[in-house]
Amino acid sequence: MRYDLVIFDNDGVLVDSEPISNRLLAAYLTELGHPTSYEDSIRDYMGSAMHRIHDLVLERTGERLPAEFDDVFHRRVFDAFERELKPVGGAVDVLEELAGAGVPYCVASSGSHERIRVGHRTTGLDRWFSESRIFSSQDVGRGKPAPDLFLYAAERMGVAPERCVVVEDSPLGVQAAVAAGMDVYGFTAMTPADRLADATQLFSDMGDLAGLLR
């Protein structure tokens with residue numbers, strides 16, 4: 001394959017969690033007096049680390065979210081994951097092909113380590129990701145769209161940024177990958193292609209990814 005490391009985003013790329021988490025986020029923000037539709041949540045928060053949700057609400061309303069916001073939100077999300085979460089169609093096939101070809105890969109997500117682990121355990125993807133292959137925005141000072149997380153993942157995996165490719169489905173993630181000097185393949189299953197226009201290449205079916213990487 002043409003790259004020495006494939007860096008996967010997690011939510012919406014490996015696990016089909018974005019519809020679940022954005023539905024719950026919109027409902028919780030609305031419950032707290034910040035009316036938010038599912039479409040608003042996808043547009044404003046998809047791919048964000050939790051701190052960005054706090055920052056945007058404060059910036060727009062002058063009000064801080066409650067101290068227990070993260071814990072309550074994650075509890076609701078994890079409960080829903082146990083009932084509803086599935087792997088993204090084609091993700092297992094891609095991981096099997098990369099592993100079979102000996103191509104290094106990892107996950108670098110805005111989500112917490114706990115969120116990544118819960119999602120992988122629920123969907124069976126945990127067999128593909130040892131602890132050394134998992135990187136979270138918790139590991140760095142700034143989440144996406146800053147390049148820090150992708151650069152950290154590349155450094156830990158021992159690969160130069162220009163030899164990495166990122167697989168992303170959010171505008172923030174594409175921005176972060178570009179800023180890190182990496183190629184980025186934009187997954188358009190949920191995100192309109194024009195919002196990922198800065199990606200190196202766009203694709204809509206995860207089953208096509210391995211062929212694109214050759």
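Residues: numbered from 1 along the sequence shown.
Between Arg75 and Glu82 there is no salt bridge, since no side-chain N of the basic residue sits under 4.0 Å from a carboxylate O of the acidic one. Note on Arg121 versus Glu114: no salt bridge recorded, every NZ/NE/NH1/NH2 to OD/OE distance being 4.0 Å or above. One finds a salt bridge joining Arg60 and Asp44 here, because a Lys/Arg side-chain nitrogen approaches an Asp/Glu carboxylate oxygen to under 4.0 Å. Salt bridge annotation for Asp9-Lys144: present, with a cationic side-chain nitrogen under 4.0 angstrom from a carboxylate oxygen. Between Asp139 and Arg156, no side-chain nitrogen of the basic residue sits less than 4.0 Å from a carboxylate oxygen of the acidic one, so the salt-bridge criterion is not met. Using a 4.0 Å cut-off between charged nitrogen and carboxylate oxygen, Glu84 and Arg23 count as a salt-bridge pair.
For Arg76 and Tyr28, the positive end sits near the middle of the six-membered ring, less than 6.0 Å away and at most 45° from its axis. A cation-pi contact, defined as under 6.0 Å to the ring centre and within 45° of the axis, is absent between Arg52 and Tyr45.
Ring-centre distance between Phe150 and Phe135: not below the 6.0 Å cut-off.
Using a 4.5 Å heavy-atom cutoff, the side chains of Glu96 and Asp93 are in contact. Side-chain contact between Arg2 and Arg214 is absent, with no heavy-atom pair separated by less than 4.5 Å. A heavy-atom distance below 4.5 Å is not found between the side chains of Val13 and Val88. Between Leu14 and His120 there is a side-chain heavy-atom pair separated by less than 4.5 Å. Residues His113 and Ile134 form a side-chain contact, since some pair of their non-hydrogen atoms from C-beta on lies under 4.5 Å apart. A heavy-atom distance below 4.5 Å is found between the side chains of His54 and Asp70. Looking only at side-chain heavy atoms (C-beta outward), Phe69 and Met50 come within less than 4.5 Å of each other. A heavy-atom distance below 4.5 Å is found between the side chains of Leu95 and Phe129.
For His34, there are no ring pair (Phe, Tyr, Trp, His ring centres under 6.0 Å) partners, not counting sequence neighbours.
Looking only at distances, no side-chain donor or acceptor of Tyr152 sits under 3.5 Å from a matching main-chain atom of Ala108. Under the 3.5 Å distance criterion, the side-chain polar atoms of Thr188 are matched with a main-chain donor or acceptor of Phe203. The closest donor-acceptor contact from the side chain of Ser48 to the backbone of Ile53 lies at 3.5 Å or more, if one exists at all. Although no hydrogens or angles enter the test, the distance criterion places no donor-acceptor pair under 3.5 Å between the side chain of Thr200 and the main chain of Asp183. Judged purely by atom type and a 3.5 angstrom limit, Ser170 uses its side chain to pair as donor or acceptor with the backbone of Gly173.
Atoms CZ and CG, on Arg115 and Asn10 in that order, are 8.0 Å from each other to the nearest 0.5 Å. Between atom OG of residue Ser109 and atom CD1 of residue Ile7 there is a gap of 12.5 Å, rounded to the nearest 0.5 Å. With values rounded to the nearest 0.5 angstrom, Asp40 atom CG is found 14.5 Å from Met46 atom CE. Atoms OG1 and CD1, on Thr36 and Ile42 in that order, are 12.5 Å from each other to the nearest 0.5 Å. Atom SG of Cys164 sits about 8.5 Å away from atom CG of Leu151, to the nearest 0.5 Å. Taking CD1 of Ile20 as the reference point, atom CG of Leu85 lies at 5.0 Å (rounded to 0.5 Å).
Between His74 and Phe78, the two ring planes are parallel [angle under 30°; tilted spans 30° to 60°].
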For this session: Output, in order, the C-alpha distance, side-chain angles, deciding distance and verdict of side-chain contact (heavy atoms from CB on, under 4.5 Å) for Leu65 and Leu29.
Result: CA-CA 9 Å; Leu65 292 171; Leu29 289 173; 3.9 Å; yes

Exercise. For Asp169 and Thr191, what are the C-alpha separation, side-chain angles and deciding distance, and is it a side-chain hydrogen bond (donor to acceptor under 3.5 Å, both in side chains)?
Worked result: CA-CA 6 Å; Asp169 70 332; Thr191 309; 4.8 Å; no

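Nearest heavy-atom pair, Leu24 versus Val77, reported as atom, atom and distance to 0.1 Å: CD1-CA, 3.8 Å. Taking all atoms of both residues into account, the shortest heavy-atom contact from Ala193 to Leu202 is CB-CD1, 3.7 Å. When every heavy atom of Leu149 is checked against every heavy atom of Ser136, the shortest pair comes out as CD1-O, 3.4 Å. Minimum heavy-atom separation, Leu212 to Tyr185: O-OH, 3.6 Å. The minimum heavy-atom distance between Arg142 and Pro147, with the atom names listed, is NH2-CD, 4.3 Å. Asp4 and Val159 get closest at one heavy-atom pair: CB-CG1, 3.8 Å.
Screening Val107, Val15, Ile116 for a side-chain contact (heavy atoms from CB on, under 4.5 Å) with Leu125, the sole residue that qualifies is Val15.
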